[in-house]
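Here is the structure we will look at.
Because the structure is a prediction, the values reported are computed rather than measured. Atoms within each ligand, like the ligands themselves, are counted from 1 in listed order.
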Amino acid sequence: MKKKIFSGVQPTGNLHLGNYLGAIKNFVELNNDEENKCIFCVVDLHAITVKQNPKELRSNIRETVATFLASGIDANKSIIFNQSTVSAHSEAAWVLGCVARTGWLNRMTQFKEKAGKDKEKASLGLYSYPVLMAADILLYDSTHVPVGNDQKQHLELCRDIAQKFNIDFAADNFFKVPEPLIQKDFSRIMSLKDGLKKMSKSDLSDFSRINLTDDEDQIISKIKKSKTDTLPLPNNFNELENRPEAKNLLGIYSSLKNSDLEKTIKNFAGKNFSEFKENLSQELVDKIGPISLEIKKLLGDKGYLDKILSNGFEKANEIATKKMKNIREIVGF
Ligand code: AQP
């Protein structure tokens, strides 16, 4: 059976190494497998759950497409489109919002983290975001969803919504129940300033992350300034306990090298951070440098990026509209 892959990235600017190692790198591998049918979505409806500047949002949408392409996603082998152009996403989200239970949504930890202390002031969209995410996935009969570890809970909710809809409307197997595809190791890349905090686009400090548009000098300077502890590098995995920054940097290195953590630990055992950081910077410059250059080149041809999105829209819209028509019939509209 062919795998139907669906995943999305929010066009909220500052796409970073966490997005790349946790999700986009996996998209590229899945896309290279001829057996898979892949859909990659720029999820702009999700982006407006927090305040956005409309001009920046528009340019971030193109930058996200440029990042997909520069990272190695082949637009001829996949569908790349912008979520808000396919109106079935919003329509399906409403129907699924009537299936999902508020008790389920109340358990979502990402909402708690993003809303912070002042939950009353968070948008309703931020709260119901996982329902829209379920609509995104289920409209395309997706079988597999590659995401970072932070999205695991939302994927579980999506599975619950699909199953409840199928039962409530006696529509056996109408929605496919998708499987998450989460990297076994390093599925959560942490901030360069705090090994206990996720690397994130919205972190106020640019030094907390490697942006995929950073140049060589920026990469080297960020790694040089990244937080570490005073001990030399560990001799074995057990010595990494309570050393979140060391674990994160060693994990990033392993992930870039497609190697395992044990091997990386062995290579750098007992060495000091400055030597390790030089190696890590070099690895980052080799991997991220070409992506950064390609993103900048692609952003110079807005017409090309828009064409990718309009081709993707045609294909995605056809699939989603058909599924939405069936949803409407099942529900009784
Ligand atoms: N730090 C991370 N480590 C591993 N994977 C990550 N992802 C995000 N951050 C990390 C994965 O990247 C994909 C796209 O994420 P997104 O843009 O849709 O939104 P997000 O998860 O909310 O990303 P950020 O950077 O944390 O954004 P802000 O700061 O706006 O909240 C997803 O598959 C995600 O798992």
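Of the possible donor and acceptor atoms, none in the side chain of Asn149 sits under 3.5 Å from a partner among the backbone N and O of Lys152. One N or O on the side chain of Thr321 and one on the backbone of Asn317 form a donor-acceptor pair closer than 3.5 Å. Checking side-chain atoms of Asn272 against main-chain N and O of Glu275 turns up a donor-acceptor pair under 3.5 Å. The main-chain N or O of Gly22 is never found under 3.5 Å from a side-chain atom of Lys25 such that the two would form a donor-acceptor pair. Without hydrogens or angle criteria, Asn60 side chain to Glu56 main chain gives a donor-acceptor distance under 3.5 Å. Lys315 places no side-chain N or O within donor-acceptor distance of the main-chain N or O of Phe81, the cut-off being under 3.5 Å.
Protein heavy atom closest to atom 22 (O) of ligand 1, with residue, atom name and distance, is Lys114 NZ, 3.1 Å. Residue, atom and distance of the protein heavy atom nearest to atom 16 (P) of ligand 1 are Lys201 NZ, 3.5 Å. The single protein non-hydrogen atom nearest to atom 20 (P) of ligand 1 is Lys198 NZ, 3.9 Å, given as residue, atom name and distance. Scanning the protein heavy atoms around atom 5 (N) of ligand 1, the nearest turns out to be Gly18 O, 3.2 Å. With respect to atom 15 (O) of ligand 1, the closest heavy atom belonging to the protein is Asn19 ND2, 3.4 Å. Looking at atom 3 (N) of ligand 1, its nearest protein heavy atom turns out to be Ile189 N, 2.8 Å. Protein heavy atom at the shortest distance from atom 35 (O) of ligand 1 is Asp150 OD1, 2.4 Å. Among all non-hydrogen protein atoms, the one lying nearest atom 19 (O) of ligand 1 is Gln10 NE2, 3.2 Å.
Here's the thing with Pro146: none of its N/O atoms is less than 3.5 angstrom from an N/O atom of ligand 1. Polar contact check, Tyr129 against ligand 1: no nitrogen or oxygen pair lies under 3.5 Å apart. Considering both main-chain and side-chain atoms, Leu15 never comes within under 3.5 Å of ligand 1 through any nitrogen or oxygen pair. Residue Met199 has at least one N or O atom closer than 3.5 Å to an N or O atom of ligand 1. Polar contact check, His16 against ligand 1: a nitrogen or oxygen pair lies under 3.5 Å apart. At under 3.5 Å, not a single nitrogen or oxygen of Asn149, backbone or side chain, sits near a nitrogen or oxygen of ligand 1. Note: an N/O pair closer than 3.5 Å links Gly148 and ligand 1 by distance alone.
Against a heavy-atom cut-off of under 4.0 Å, Ser202 is close to the following atoms of ligand 1: 28 (P), 29 (O), 30 (O). Within ligand 1, counting atoms from 1 as listed, the ones closer than 4.0 Å to a heavy atom of Gly22 are 4 (C), 5 (N). The Gln151 neighbourhood of ligand 1 comprises atoms 21 (O), 35 (O), with distances under 4.0 Å to a heavy atom of that residue. Close approach of ligand 1 to Val147 is summarised as follows: ligand atoms under 4.0 Å from at least one heavy atom of the residue are 33 (O).
Arg328 and Asn326 share no donor-acceptor pair across their side chains, judged by distance under 3.5 Å alone.
Within a 6.0 Å sphere centred on NZ of Lys112, heavy atoms belonging to other residues, nucleotides or ligands number more than 12.
Each of Gln52, Gln83, His46 was checked for a side-chain contact (heavy atoms from CB on, under 4.5 Å) with Gln10, and the lone residue meeting it is His46.
Counting all heavy atoms, side chain and backbone alike, Lys2 lies closest to Glu35 at CG-O, 3.0 Å. Gly8 and Phe6 get closest at one heavy-atom pair: N-CE2, 4.4 Å.
When heavy-atom distances to ligand 1 are checked against a 4.0 Å cut-off, Arg188 comes that close only through its backbone atoms N, CA, C and O. For His46, no heavy-atom contact with ligand 1 is shorter than 4.0 Å. Contacts with ligand 1 closer than 4.0 Å are made by backbone heavy atoms (N, CA, C, O) of Ser187 only, the side chain lying farther away. Using a 4.0 Å cut-off between heavy atoms, Ala23 contacts ligand 1 through its side chain alone, with no backbone atom that close.
Taking 4.5 Å as the limit, every side-chain heavy atom of Val9 sits out of range of all side-chain heavy atoms of Val42.
Using 4.0 Å as the threshold, Met190 has no heavy atom nearer than that to any atom of ligand 1.
By the 4.0 Å N-to-carboxylate-O rule, Asp33 lies too far from Lys3 to be salt-bridged with it.
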- Item | Check against ring-ring contact (aromatic ring centres under 6.0 Å, His included), His89 and Tyr140 | CA-CA 10 Å; His89 287 249; Tyr140 298 92; 5.6 Å; yes
